[in-house]
Amino acid sequence: MTPLLRQVLSQVDGPDPRLNEIVSALVTHLHAFVEEMRPTEREWLAGLDFLIATGKMCTPDRNEFILLSDMLGLTSAVDDVNHAGPEGMTPSSVEGPFHSPAPPRELGAWISFGPERERAVPTVVHGRVLDCDGTPLAGAVVDLWQANDTGLYDTQDDAQDRGNLRGLFTADAEGRFWFRTIRPSSYPVPTDGTGGRLLKSIGRHPMRPAHLHYRVTAPGYRTLTTHVFLADDPYLESDAAFAVKEELICRPRPRTEGWEMDGPYEEIEFDLKLVPLDWKEGQ
C-alpha cells in the first residue's frame, strides 16, 4: 500500500460502515489501476471527459451510464452476485436502459400498434408465473417491453406512440398470461453516445440478439427482471450486453391457427419461476 493510498483510506470514516467498506475497496482498486497502467495526465483527463459526456447523454428516457455498465459486463456481474436462488428458478438478467412504465392491458391484447405490425411476423407470447415448486402465482404482474422490428423502443422513436410494444398484464387464477405482438429482432444498441464510442474503439460490435424484456412481481416473491431470447439468433454468443443465459433461450414455433389469430404466426411459450423473499442460500 502506498503512503498516498494509506492516507486516503484513513479519512474514510463515515457513519455508514457498508459505505465505508465500498468506498475503501473502490479507492484501493482505482489506485492499483493507476499503479499498473500508469496513465498520462492527458489520458486521465480524457477518461474524466468521457464520464462527463456520458452524464450529458442521460435523459429521463435514456440512461447512458446503464448502457455503459451493460456493455462492460458490469450489470450482469452485479446481477449474478445478487440473484442466487433454488434449482428451477428463472435466471434474472439485465434490465437495460429502456424500461419505462407500461400501460395496463387485458390478457390476450395486442401490444403492437405501429407500422411494425404490418411488416413483422405476428407472434403470440404466453406462459405461466409459478414458484420454483410449480405452484401458480395468481395475480402476478408481468411487465413486458420490446423493440420494434427496426430495433427501436418507443422512447427512441418519434414514429411510435408511447406505450407501443409495452404491456402490464395480470396473470389469471392459474398464473397464466398471454398477449399478441410481433417477433422481436436483433438490433444494435445506441451508438451515438459514449457507449457506442467505446465499442467502436475496442473493436466490438453493438448488436443484441432478439429478445423480450420481462419484469415480474408477486407478493411474497423476489421481483424477477429477465429476458427471453430467440433461439438461432446469430448474436446469442456475442451479446453486446453479456445478458444471454442458456435457460432464457426459447425457440418460436410456427402456427396457423389458435390464440385468436388469423393466418400464420409464431408462438413463444415461456414460464417464469419466482423465488420466495425468505429464501436463503443453502436451505
Side-chain angles (χ1 to χ4, degrees), residues 1-59 62-85 91-99 186-209 211 213 225-227 229 233-248 281-282:
M1 182 183 297
T2 66
L4 175 60
L5 177 58
R6 185 177 297 108
Q7 182 180 15
V8 174
L9 294 179
S10 71
Q11 297 182 34
V12 180
D13 190 27
D16 185 337
R18 176 60 174 167
L19 180 59
N20 293 340
E21 182 181 23
I22 291 172
V23 171
S24 295
L26 177 61
V27 169
T28 299
H29 285 289
L30 288 173
H31 278 245
F33 167 80
V34 171
E35 287 292 312
E36 177 185 354
M37 298 308 302
R38 305 186 70 82
T40 65
E41 291 178 340
R42 184 175 180 178
E43 289 170 335
W44 189 253
L45 289 175
L48 295 178
D49 286 342
F50 181 85
L51 294 177
I52 292 169
T54 301
K56 289 180 177 178
M57 288 294 301
C58 296
T59 72
R62 173 176 175 174
N63 191 317
E64 194 74 4
F65 274 109
I66 290 178
L67 179 62
L68 193 61
S69 176
D70 292 350
M71 299 306 99
L72 294 174
L74 295 173
T75 309
S76 287
V78 172
D79 180 72
D80 286 345
V81 301
N82 278 279
H83 293 99
S92 57
S93 189
V94 304
E95 179 179 284
F98 295 112
H99 178 264
S186 52
Y187 64 83
V189 300
T191 57
D192 58 334
T194 52
R197 282 170 48 196
L198 178 64
L199 290 177
K200 184 177 181 180
S201 296
I202 61 177
R204 282 178 51 200
H205 72 68
M207 298 301 294
R208 299 220 58 212
H211 61 273
H213 290 273
T225 300
T226 195
H227 290 53
F229 295 94
D233 189 284
Y235 298 104
L236 285 174
E237 299 297 326
S238 59
D239 177 17
F242 302 100
V244 178
K245 298 176 181 178
E246 188 67 30
E247 302 94 325
L248 301 178
E281 195 162 5

Compare every heavy atom of D70 with every heavy atom of P97, then report the nearest pair and how far apart it is.
CD-OD2, 3.9 Å
Contacts of D239 that satisfy salt bridge (charged side-chain N to carboxylate O under 4.0 Å, His left out) - sequence neighbours left out
R208
Just to verify, what does D233 make a salt bridge (charged side-chain N to carboxylate O under 4.0 Å, His left out) with, not counting sequence neighbours?
none
Answer yes or no: does atom OH of Y235 have more than 12 heavy-atom neighbours from other residues, nucleotides or ligands under 6.0 Å?
no
Value for OG1 (T75) from CD (E95), rounded to nearest 0.5 Å, stands at 10.0 Å
With a 4.5 Å limit on heavy-atom distance, are the side chains of L51 and F65 in contact?
yes
Name the orientation class of the two ring planes belonging to H211 and H213 (parallel below 30°, tilted from 30 to 60°, perpendicular beyond 60°).
perpendicular
Which heavy atom in S76 sits nearest to a heavy atom in A241, and how many Å separate them?
OG-O, 3.5 Å
For the student: nearest non-hydrogen atoms of L236 and F229, plus distance
CD2-CB, 3.8 Å
Mind listing the closest non-hydrogen atom pair of P39 and W44 along with its distance?
CG-CE3, 4.1 Å
Is the shortest side-chain heavy-atom distance between V94 and H227 below 4.5 Å?
yes
Please list, one pair per line, the donor and acceptor atoms closer than 3.5 Å that link side chains of residues 191-206 to other protein atoms, with sequence neighbours excluded.
from : atom 1 : to   : atom 2 : distance (Å)
D192 : OD1    : R62  : NH1    : 3.0
D192 : OD1    : R62  : NH2    : 3.0
D192 : OD2    : R62  : NH1    : 3.3
T194 : OG1    : T54  : OG1    : 2.8
S201 : OG     : R197 : O      : 2.8
R204 : NH1    : M71  : O      : 2.6
R204 : NH2    : M71  : O      : 3.2
R204 : NH2    : A240 : O      : 2.8
H205 : ND1    : M207 : N      : 2.9
H205 : NE2    : S238 : O      : 3.1
H205 : NE2    : S238 : OG     : 2.8

Tell me, please, which residues at least two apart from D80 pass salt bridge (charged side-chain N to carboxylate O under 4.0 Å, His left out).
K245
Is the number of heavy atoms from other residues, nucleotides or ligands under 6.0 Å of R6 CZ greater than 12?
yes
Heavy atoms only: give me the nearest P209-V244 pair and the separation to one decimal.
CG-CG2, 3.8 Å
Closest heavy-atom pair, S93 versus L248, reported as atoms and distance to 0.1 Å, is CB-CD1, 4.0 Å
Is there a donor-acceptor pair closer than 3.5 Å between any side-chain N or O of S92 and the backbone N or O of H83?
no
With rounding to the nearest 0.5 angstrom, report the CZ to CD1 distance, F98 to I66.
10.0 Å
Under 3.5 Å donor-acceptor pairs involving side-chain atoms of residues 7-16, not counting sequence neighbours:
from : atom 1 : to  : atom 2 : distance (Å)
S10  : OG     : Q7  : O      : 2.6
D16  : OD1    : R18 : N      : 3.0
D16  : OD1    : L19 : N      : 3.3

Check: residues 23-37 side-chain donor-acceptor pairs under 3.5 Å, at least two apart:
from : atom 1 : to  : atom 2 : distance (Å)
S24  : OG     : N20 : O      : 2.8
T28  : OG1    : S24 : O      : 2.7

